[in-house]
Undergrad: 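Below you will find the structure I want to go over with you.
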Protein chains: 2
Amino acid sequence: MPQTSRAKKLPRLDKRAWIAAAFAELAAHGWDGVRVEPMAAMLGVTKGSFYWHFADRDALFAAMFIRWAEGRVRAIRNETVDDADPRALLYRLIDLYARGPNTNGLAIELAIRGLTRSDSRAADAVAMVDGERLARVSALFAKLGSKTSESEAKAFLFYAFVFGQSLIAGRRDASLRAAASALIVE
Amino acid sequence: MPQTSRAKKLPRLDKRAWIAAAFAELAAHGWDGVRVEPMAAMLGVTKGSFYWHFADRDALFAAMFIRWAEGRVRAIRNETVDDADPRALLYRLIDLYARGPNTNGLAIELAIRGLTRSDSRAADAVAMVDGERLARVSALFAKLGSKTSESEAKAFLFYAFVFGQSLIAGRRDASLRAAASALIVE
DNA sequence: AAAATACCATACGCTACCGTATGGAAAGAA
DNA sequence: TTCTTTCCATACGGTAGCGTATGGTATTTT
């Protein structure tokens with residue numbers, strides 16, 4: 001009875017488990033690395049489970065966009081709810097994005113953004129996240145005294161920097177990043 | 001005689017034609033979109049031609065990294081040979097990267113940079129290009145009066161901005177980009 | 001002109017992977 | 001306990017695409 005072997009040992013998977021596996025694969029290998037059968041093997045099931053939860057890979061992608069966007073919006077709201085110094089908050093945000101446990105997060109971010117030109121669902125997810133982020137960071141700059149249009153330009157620069165800095169080869173020491181961050185924040 | 005049909009009509013392809021087709025596919029679809037048989041069809045030949053010129057896809061990728069790096073280094077050298085105002089030069093560079101005919105160029109750039117973690121040849125190509133670019137742009141900032149460490153930070157910020165700005169959703173009007181550019185350059 | 005070189009077309013074998021259909025088993029509800 | 005729902009395993013069919021081998025032809029060299 002091969003079928004009882006897994007069911008006896010591990011709880012049933014839900015959609016979340018599959019989506020989490022997909023994000024891990026996305027971070028490591030990009031969109032074409034998100035494959036049903038290899039992921040099934042990793043999760044210790046067969047693709048029967050996958051196709052119960054999702055109509056096809058495309059449905060998985062759609063779920064990923066939504067999950068990612070909701071998570072990112074929730075995160076920026078949590079991260080900017082603090083009443084601390086806006087300046088310190090901005091530096092902390094850069095640190096969150098630029099280093100620490102966010103290597104996968106940034107890879108996922110870049111992968112999703114890479115799809116915005118060809119998939120409107122990705123574009124919608126990104127628009128939702130960016131709208132919230134730019135508004136929140138712009139408000140922080142406003143608290144530091146910038147006028148509206150300058151706050152918006154700084155927020156734009158802030159996020160462009162966050163995404164772009166990870167792509168540059170060479171020295172990655174904290175001092176260069178800190179110096180560049182200061183050019184934005186101060 | 002099916003074999004004479006193309007040879008009679010079109011000149012023979014060389015490596016360059018194949019590499020150019022690969023870059024177009026890379027820009028449009030990413031690395032997994034760079035496929036031998038579809039490209040052959042687009043070029044009006046069969047894969048016999050491809051496998052005469054390249055051992056396999058991997059050899060094509062290697063050639064692409066080298067071609068790209070040489071082209072980018074050549075370009076930045078040409079673009080910064082001018083004796084014009086360093087400030088105007090910096091603005092022109094941003095424009096070159098951020099708009100105009102560089103949509104494909106930026107997509108290729110991001111695709112190659114996306115591989116640096118998993119392919120040392122890509123990492124080498126990127127390191128070569130970034131070294132040249134950061135040095136050149138840093139020198140421009142030095143001409144504007146910045147000290148060495150500040151010039152380097154500004155050059156880092158400059159390129160992070162160039163790569164990142166294309167990834168941000170929402171308003172893409174020239175005024176926001178110009179305002180952000182001014183925060184870097186002025 | 002003949003020989004050598006460069007280029008290309010086609011056939012072939014293989015496989016990773018997708019999606020579909022069907023039946024089985026676990027878990028939940030009545 | 002029985003029935004229903006949820007979840008999963010497996011078999012199947014199909015194919016896009018890779019790389020290899022072989023033969024043909026155009027172009028260049030001698």
Side-chain angles (χ1 to χ4, degrees), chain A residues 1-64 67 111 115 118-119 121, chain B residues 1-65 111 115 118-119 121:
Chain A
M1 296 226 212
Q3 189 151 344
T4 60
S5 69
R6 172 190 154 89
K8 262 224 153 152
K9 295 178 179 176
L10 296 168
R12 293 175 159 208
L13 301 176
D14 58 5
K15 255 185 189 333
R16 284 173 175 278
W18 277 103
I19 292 172
F23 276 127
E25 288 299 281
L26 176 62
H29 306 296
W31 289 106
D32 284 288
V34 182
R35 301 168 179 215
V36 178
E37 293 186 307
M39 282 195 294
M42 276 174 248
L43 290 168
V45 294
T46 65
K47 63 189 173 179
S49 173
F50 176 83
Y51 287 107
W52 166 258
H53 293 285
F54 302 95
D56 49 29
R57 270 171 93 247
D58 195 63
L60 168 66
F61 292 169
M64 287 166 79
R67 173 65 52 80
L115 278 196
S118 54
D119 191 320
R121 299 166 306 181
Chain B
M1 293 231 210
Q3 191 151 340
T4 60
S5 72
R6 173 190 155 88
K8 263 219 154 163
K9 295 179 177 174
L10 295 167
R12 293 174 159 209
L13 301 176
D14 58 7
K15 258 186 197 306
R16 284 173 176 277
W18 278 102
I19 292 172
F23 276 127
E25 289 298 283
L26 176 62
H29 306 296
W31 288 106
D32 285 288
V34 182
R35 301 171 178 216
V36 178
E37 294 186 308
M39 282 195 295
M42 278 175 249
L43 290 168
V45 294
T46 66
K47 62 190 176 183
S49 173
F50 175 83
Y51 287 105
W52 165 259
H53 293 285
F54 302 95
D56 49 29
R57 269 169 96 245
D58 195 62
L60 169 66
F61 291 171
M64 287 165 78
F65 296 142
L115 278 195
S118 55
D119 192 320
R121 299 165 307 181

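Since we're looking at a predicted model, the values are computed, not measured. Just so it is clear: chains get the letters A, B, ... in the order the sequence lines come, proteins before strands, and each one is counted from 1.
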Undergrad: Rounded to the nearest 0.5 Å, how far does CG of L115(B) lie from CZ of F65(B)?
TA: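 It comes to 5.0 Å.
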
Undergrad: Between atom CH2 in W52(A) and atom P in dT6(D), what is the gap in whole Å?
TA: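 Result: 6 Å.
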
Undergrad: For the residue pair L60(B) and M39(B), what are the closest heavy atoms and their distance?
TA: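 That would be CD2-CE, 3.9 Å.
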
Undergrad: Pairs of donor and acceptor atoms involving the side chains of residues 20-31 of chain A, under 3.5 Å and at least two apart or interchain, shall be tabulated with distances.
TA:
from: W31(A); atom 1: NE1; to: A111(A); atom 2: O; distance (Å): 3.0

Undergrad: Hey, does the side chain of H53(A) come within less than 4.0 Å of dC8(D)'s phosphate (OP1/OP2), counting only N and O?
TA: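 Answer yes for this pair, as a side-chain N or O of H53(A) is under 4.0 Å from OP1 or OP2.
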
Undergrad: Return the polar atom pairs (N/O with N/O) between nucleotides 16-19 of chain C and the protein under 3.5 Å, or none.
TA:
from: dC17(C); atom 1: OP1; to: R35(A); atom 2: NH1; distance (Å): 2.7
from: dC18(C); atom 1: OP1; to: V36(A); atom 2: N; distance (Å): 3.0
from: dC18(C); atom 1: OP1; to: R57(A); atom 2: NE; distance (Å): 3.3
from: dC18(C); atom 1: OP2; to: V36(A); atom 2: N; distance (Å): 3.1
from: dC18(C); atom 1: OP2; to: E37(A); atom 2: N; distance (Å): 3.2
from: dC18(C); atom 1: N4; to: K47(A); atom 2: NZ; distance (Å): 3.1
from: dG19(C); atom 1: OP2; to: Y51(A); atom 2: OH; distance (Å): 2.6
from: dG19(C); atom 1: N7; to: K47(A); atom 2: NZ; distance (Å): 3.4
from: dG19(C); atom 1: O6; to: K47(A); atom 2: NZ; distance (Å): 2.2

Undergrad: Which heavy atom of W18(A) sits nearest a heavy atom of T46(A), and at what distance?
TA: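 Scanning both residues, the minimum pair turns out to be CZ2-O, 4.2 Å.
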
Undergrad: Grab the two heavy atoms, one from A63(A) and one from F54(A), that are nearest each other, plus how far apart they are.
TA: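 Between these two residues, the closest heavy atoms are CB-CE2, 4.0 Å.
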
Undergrad: In this structure, how many angstroms lie between the P atom of dC18(D) and the CG atom of D32(A), rounded?
TA: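 Going from D32(A) (CG) to dC18(D) (P), I get 12 Å.
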
Undergrad: Between the base of dT6(D) and the side chain of R12(A), is there a donor-acceptor distance below 3.5 Å?
TA: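 Yes, the side chain and the base share a sub-3.5 Å donor-acceptor pair.
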
Undergrad: Shorter than 3.5 Å, N or O on both sides, protein versus nucleotides 28-30 of chain C: list them out with atom names.
TA:
none

Undergrad: Strictly by salt bridge (Lys or Arg N to Asp or Glu O under 4.0 Å), give each pair with a member in residues 39-63 of chain A just once, sequence neighbours left out.
TA: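 Matches after skipping sequence neighbours: E37(A)-K47(A), D58(A)-R121(A).
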
